[in-house]
> 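First the structure, which I've put down as structure tokens, then a few questions once you've had a look.
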Amino acid sequence: KRDFNWFESLWKRVLISNKGSRIVAKLFSLSTTSPQFIKKFPDAKILYMVRDPINVIPSGLSLVTGVLDKMFGFWTLPEVDRKRFISRLYNALVELQLRFHDDWTSNRISKSNVMIVRFDEMMNDFDSLMDKIINFTGHKPSQDLLNKIKITSNKQKLFKSNHKYNLEKFGLNEDMIKNDCKDIYETFIN
């Protein structure tokens with residue numbers, strides 16, 4: 001309740017100061033609070049990005065441990081401490097996805113408020129996906145926006161990520177992630 005009230009207060013100030021009528025926010029916290037968020041903001045349109053957990057989880061682990069290493073020398077800590085932290089963070093990253101999945105499949109999330117966006121579609125068919133998003137949100141695109149979508153679409157088709165994550169560095173393997181996230185694969189990936 002505190003967070004949602006803070007969002008509302010902040011967003012109202014931004015709308016007033018910019019003479020705007022719409023807020024677009026990137027909120028990681030919604031994966032565990034979507035039903036409550038929609039209840040508080042019934043006109044909200046949420047784009048929920050689904051990506052293969054084999055890519056998402058090591059990316060999240062790498063991001064967090066990288067920051068911790070720069071600030072506190074994470075990778076120089078005793079192995080037992082690193083393993084405990086990584087295990088807890090791994091379980092949290094899995095839990096974030098499973099909670100959303102559970103809310104989605106049990107219909108606690110209004111499907112009219114949420115659009116599932118597949119990462120692979122964003123990378124391979126960006127312009128078509130943007131058409132769907134524009135339609136879902138009811139946004140009236142300018143010609144400038146449509147031109148930018150076309151340019152981005154062409155760039156996305158040529159983009160090849162250089163990110164390679166070493167699952168073993170985190171004590172993980174593909175089978176473990178696929179098993180722990182099997183519901184995500186069954187509902188959103190396959």
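What you are looking at is a predicted structure, and each value in this text was computed from that prediction instead of being measured.
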> Distance from Asn55 atom CG to Ile177 atom CD1, nearest 0.5 Å?
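Atom-to-atom, Asn55:CG and Ile177:CD1 are 9.0 Å apart.
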> Would the distance check show the side chain of Thr187 and the main-chain N or O of Ile184 forming a donor-acceptor pair, the cut-off being under 3.5 Å?
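Answer holds: no.
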> Indicate the atoms forming the closest heavy-atom contact of Glu121 with Lys132, along with that distance.
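Here Glu121 and Lys132 meet closest at OE2-NZ, 2.7 Å.
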> For the residue pair Pro58 and Pro53, what are the closest heavy atoms and their distance?
CD-O, 3.7 Å
> Do you know which two heavy atoms are closest between Pro141 and Leu145, and how far apart they sit?
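So the two residues come closest at CB-CD2, 3.8 Å.
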> Between CH2 of Trp11 and CD1 of Ile16, what distance do you get to the nearest 0.5 Å?
14.5 Å
> Set out, in order, the CA-CA distance, both residues' side-chain angles and the distance that settles salt bridge (charged side-chain N to carboxylate O under 4.0 Å, His left out) for Glu79 and Lys83, then state yes or no.
CA-CA 6 Å; Glu79 183 177 6; Lys83 283 184 174 182; 3.1 Å; yes
> Does Phe74 offer a backbone N or O that forms a donor-acceptor pair with the side chain of Arg82 under 3.5 Å?
no
> Would you check if Tyr185 and Lys182 make a side-chain contact, meaning some heavy-atom pair closer than 4.5 Å?
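The answer is no; the side chains never approach within 4.5 Å.
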> Quick one: pull up CD1 in Ile46 and CG in Leu30 and give me the separation to the nearest 0.5 Å.
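If I round to the nearest 0.5 Å, the distance is 5.0 Å.
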> Any sub-3.5 Å donor-acceptor pair from Asp127's side-chain atoms to Lys150's backbone N or O?
no
> Between Leu172 and Leu61, is a side-chain contact (heavy atoms from CB on, under 4.5 Å) present by the stated rule, with each step listed?
CA-CA 11 Å; Leu172 305 174; Leu61 288 168; 3.5 Å; yes
> Hey, are the side chains of Phe170 and Ile57 touching, using non-hydrogen atoms and a 4.5 Å cut-off?
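No, their side chains stay 4.5 Å or more apart.
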> Between Thr33 and Asp3, is there a side-chain heavy-atom distance shorter than 4.5 Å?
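Of all side-chain heavy-atom pairs linking Thr33 with Asp3, none is under 4.5 Å.
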> Over all heavy atoms of both residues, which pair between Asn113 and Pro42 is shortest? Give the atoms and the distance, please.
ND2-O, 3.0 Å
> According to a 4.5 Å side-chain heavy-atom criterion applied to Ile, Leu, Val, Met, Phe, Trp and Tyr, with indirect links allowed, do Leu27 and Val114 form part of one hydrophobic cluster?
yes
> Under the criterion side-chain contact (heavy atoms from CB on, under 4.5 Å), I'd like the reasoning laid out for Thr152 against Met130: C-alpha separation, chi angles, the key distance, then a yes or no.
CA-CA 10 Å; Thr152 303; Met130 289 306 297; over 6 Å; no
> Got a second to check how far Lys178's NZ is from Asn173's CG, nearest 0.5 Å?
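The distance works out to 10.5 Å.
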> With hydrophobic residues grouped by side-chain heavy-atom distances under 4.5 Å, do Phe37 and Leu15 end up in a single group?
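The answer is yes; both residues are in one hydrophobic cluster.
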> What is the distance from atom OG of Ser110 to atom CH2 of Trp104, rounded to the nearest 0.5 Å?
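Rounded to the nearest 0.5 Å, the OG-CH2 separation comes to 8.5 Å.
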> Would you tell me whether Asn147 and Gln143 have side-chain atoms, one donor and one acceptor, within less than 3.5 Å of each other?
yes
> Considering residues at least two apart in sequence or located in another chain, which fulfil the side-chain contact (heavy atoms from CB on, under 4.5 Å) criterion with Ser59?
Tyr165
> Looking only at heavy atoms, what is the nearest atom pair of Ile149 and Phe126, with distance?
O-CD2, 3.7 Å
> Ignoring hydrogens and angles, write down the donor-acceptor pairs under 3.5 Å from the side chains of residues 84-97, residues two or more places apart or on other chains.
unit_1 : atom_1 : unit_2 : atom_2 : d
Arg84  : NH2    : Asp81  : OD1    : 2.8
Tyr90  : OH     : Asp180 : OD2    : 2.6
Asn91  : ND2    : Ser87  : O      : 3.2
Glu95  : OE2    : Arg99  : NE     : 3.0
Gln97  : NE2    : Leu93  : O      : 3.4

> In Å and rounded to the nearest 0.5 Å, what is the CG to CE distance from Leu129 to Met123?
11.5 Å
> Give me each pair satisfying side-chain hydrogen bond (donor to acceptor under 3.5 Å, both in side chains) with a member in residues 37-48, each pair once, sequence neighbours excluded.
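Matches after skipping sequence neighbours: Asn5-Lys40, Glu8-Lys40.
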> Apply side-chain contact (heavy atoms from CB on, under 4.5 Å) to residues Asp183 and Phe188 and explain how you reach the verdict.
CA-CA 8 Å; Asp183 291 341; Phe188 299 122; over 6 Å; no
> Report the C-alpha separation of Ile116 and Phe100 in whole Å, then their side-chain angles, then the decisive distance to 0.1 Å, and conclude whether the side-chain contact (heavy atoms from CB on, under 4.5 Å) test is met.
CA-CA 11 Å; Ile116 302 297; Phe100 179 85; 3.8 Å; yes
> Other residues, nucleotides and ligands only: do more than 12 of their heavy atoms fall within 6.0 Å of NZ on Lys140?
no
> Determine whether a donor-acceptor pair (N or O, by modelled atom type, separation under 3.5 Å) exists between the side chain of Ser128 and the backbone of Asp125.
no
> What are the two closest heavy atoms between Ser62 and Thr65, and how far apart are they?
O-OG1, 3.5 Å
> Okay, side chain of Asp103, backbone of Ile109: is any donor-acceptor separation there less than 3.5 Å?
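Not a single qualifying donor-acceptor pair exists.
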